[in-house]
Amino acid sequence: MNIDAFKKFDLTGKTAFVTGGATGLGYYMARGLARSGAGVMIAARRETALKDAAKQLSEDSGNAVIYRKIDLSDREDIEYSVDYVIDTLGGVDIFIGNAGQEARLGVSDDQEKIMANLMQVNFAANVSLVTRFLPHMKKKQWGRIIFSSSESSLRAVSIGQSMYAASKGAINAYTRMAAAELGHDGITVNSLILGAFHTDMMQTNVVELLDQMHGPGAGEAFVKDFAGNSALGRLGRPEEVEGQVQLLASDAGSYVTGTEVIVDGGMSIMMRPNPARERIGHSDLLREE
Ligand SMILES: NC(=O)c1ccc[n+]([C@@H]2O[C@H](COP(=O)([O-])OP(=O)(O)OC[C@H]3O[C@@H](n4cnc5c(N)ncnc54)[C@H](OP(=O)(O)O)[C@@H]3O)[C@@H](O)[C@H]2O)c1
């Protein structure tokens, strides 16, 4: 194997900040960056999970991974924490805006109950962080910004997700506009259109809920069937985002910007039934918060 082929993926000397990096997809995004040599800081609300993940990531990558507790729903906490992040890392070269929340309500329900929080955590917090990280990236004339978006931002994948989808759709639009403005400074901006991965988010919001309603195993059967209707015929494994982030964050991905990179096992190319017409499944996930 030609070792030179990997040089373009080398992130030695770069710094990375990954929100939601203690669990699920964010964990493997952080692992990919650390394995490629970047100095990585992960952030989320649960301190114990962060501490454990940072330890595991450091062991897995052979590269010290650090963490910062931060609540992205709290604008004051973001403002307070961001100076620490920038000072500790000496500026952020690679920003992965991955943290996110899902909440479901029908379009006829009181959307105000979930709108502000979803828009803050899934969209506005990313904008605040990008704004603060940009001066360093511009100074270096190099930067990478990658967001975790969702298949729901492009298609009616499930029901009750209008606010979640809108928050991710805002990220897609922001990605394009930011990429157009920042390209001349050597900064790329992309969003990942993520399909169905079995993480805590899916476990809590789908599997456990359907188990409660229809008995043990119902949730697992539903997600298997749902993901079965994709080209690869299965759910995504969380570690399958790792290589994608290594590509986009490094010089190997230097000519990719402003795009929605679809990582969904070919789910989006399939015809799907209208989720609102199902009697069991998506319709059960629509519940009062
Ligand atoms: N799993 C899928 O199939 C799928 C599909 C499409 C898109 N996505 C997107 O992928 C991203 C990662 O999700 P996941 O599936 O890996 O689920 P996950 O394990 O639940 O990850 C979500 C992460 O966001 C963090 N977070 C949530 N609210 C936060 C807040 N207010 N402040 C700081 N951190 C916060 C959570 O940590 P704390 O709870 O400790 O704060 C957690 O680490 C999300 O943006 C999600 O929308 C996932």
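Note: hydrogens, waters and symmetry copies are ignored here, and every other heavy atom, side chains too, is used. For this chain, numbers begin at 1 and follow the sequence in order. Whatever order the structure lists them in is the order used to number ligands and atoms, beginning at 1.
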Would you call [X] and [Y] a salt bridge, using N to O less than 4.0 angstrom?
| X | Y | answer |
| --- | --- | --- |
| E47 | K51 | no |
| E240 | R234 | yes |
| K7 | D251 | no |
| E59 | K55 | yes |
| E260 | R176 | yes |

Check this for me - ligand 1, [X], N or O atoms closer than 3.5 angstrom, yes or no?
| X | value |
| --- | --- |
| S150 | no |
| G195 | yes |
| L72 | yes |
| L25 | yes |
| E151 | no |

Are Y28 and V65 linked, directly or through other ILVMFWY residues, by side chains that come within less than 4.5 angstrom of each other?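 Yes.
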In terms of hydrophobic clusters joined by side-chain contacts under 4.5 Å, are L235 and V263 together? no
Quick one: does [X] get within less than 4.0 Å of ligand 1, heavy atoms only?
| X | value |
| --- | --- |
| Y27 | no |
| N98 | yes |
| A125 | no |
| S73 | yes |
| Q120 | no |

With heavy atoms of [X] as the reference, note each atom of ligand 1 found under 4.0 Å away.
| X | result |
| --- | --- |
| G20 | 23 (C), 24 (O), 25 (C), 43 (O) |
| A99 | 24 (O), 25 (C), 26 (N), 34 (N), 35 (C), 45 (O) |
| A196 | 3 (O) |
| I70 | 32 (N), 33 (C) |
| G24 | 16 (O), 19 (O) |
| Q101 | 27 (C), 28 (N), 29 (C), 31 (N) |
| D71 | 30 (C), 31 (N), 32 (N) |
| G100 | 22 (C), 24 (O), 27 (C), 44 (C), 45 (O) |

In terms of residue, atom name and distance, what is the protein heavy atom nearest to [atom]?
| atom | value |
| --- | --- |
| atom 6 (C) of ligand 1 | L194 O, 3.4 Å |
| atom 14 (P) of ligand 1 | T199 OG1, 3.4 Å |
| atom 47 (O) of ligand 1 | Y164 OH, 2.7 Å |
| atom 3 (O) of ligand 1 | F197 N, 2.8 Å |
| atom 29 (C) of ligand 1 | R45 NE, 3.5 Å |
| atom 40 (O) of ligand 1 | R46 NE, 2.7 Å |

Heavy-atom check, side chain of [X] versus side chain of [Y], under 4.5 Å:
| X | Y | value |
| --- | --- | --- |
| L105 | M115 | no |
| V85 | R132 | no |
| H198 | E220 | yes |
| Q101 | L118 | yes |

Residue selection (non-hydrogen contact nearest atom 13 (O) of ligand 1) among M29, K69, M201: M201
Options V18, T23, T19, D77, ranked by nearest heavy atom to atom 42 (C) of ligand 1, top entry: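 Heavy atom nearest to atom 42 (C) of ligand 1 belongs to T23.
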Between F123 and Y174, how do the two ring planes meet: parallel, tilted or perpendicular, split at 30° and 60°?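 Rings of F123 and Y174: perpendicular, as their planes differ by over 60°.
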Could you tell me how the ring of F222 sits relative to the ring of F226: parallel (under 30°), tilted (30 to 60°) or perpendicular (over 60°)? parallel
Which segment of [X] sits under 4.0 Å of ligand 1 when only heavy atoms are counted:
| X | value |
| --- | --- |
| S149 | backbone |
| V121 | side chain |
| A44 | both |

Measure the OG1-CD1 distance between T131 and I78 for me, rounded to the nearest 0.5 Å. 10.5 Å
Would you sort out whether E151 and S268 count as a side chain to side chain contact (heavy atoms under 4.5 Å, CB included), showing the intermediate values? CA-CA 7 Å; E151 192 99 7; S268 52; 2.7 Å; yes
Could you walk me through whether S153 and N172 satisfy the side chain to side chain donor-acceptor pair (under 3.5 Å) test, starting with their C-alpha distance in whole Å, then the side-chain angles of each, then the deciding distance to 0.1 Å, before giving a yes or no? CA-CA 8 Å; S153 67; N172 300 349; 2.8 Å; yes
With no hydrogens and no angle check, just 3.5 Å: does a side-chain donor-acceptor pair link D52 and Q56? no
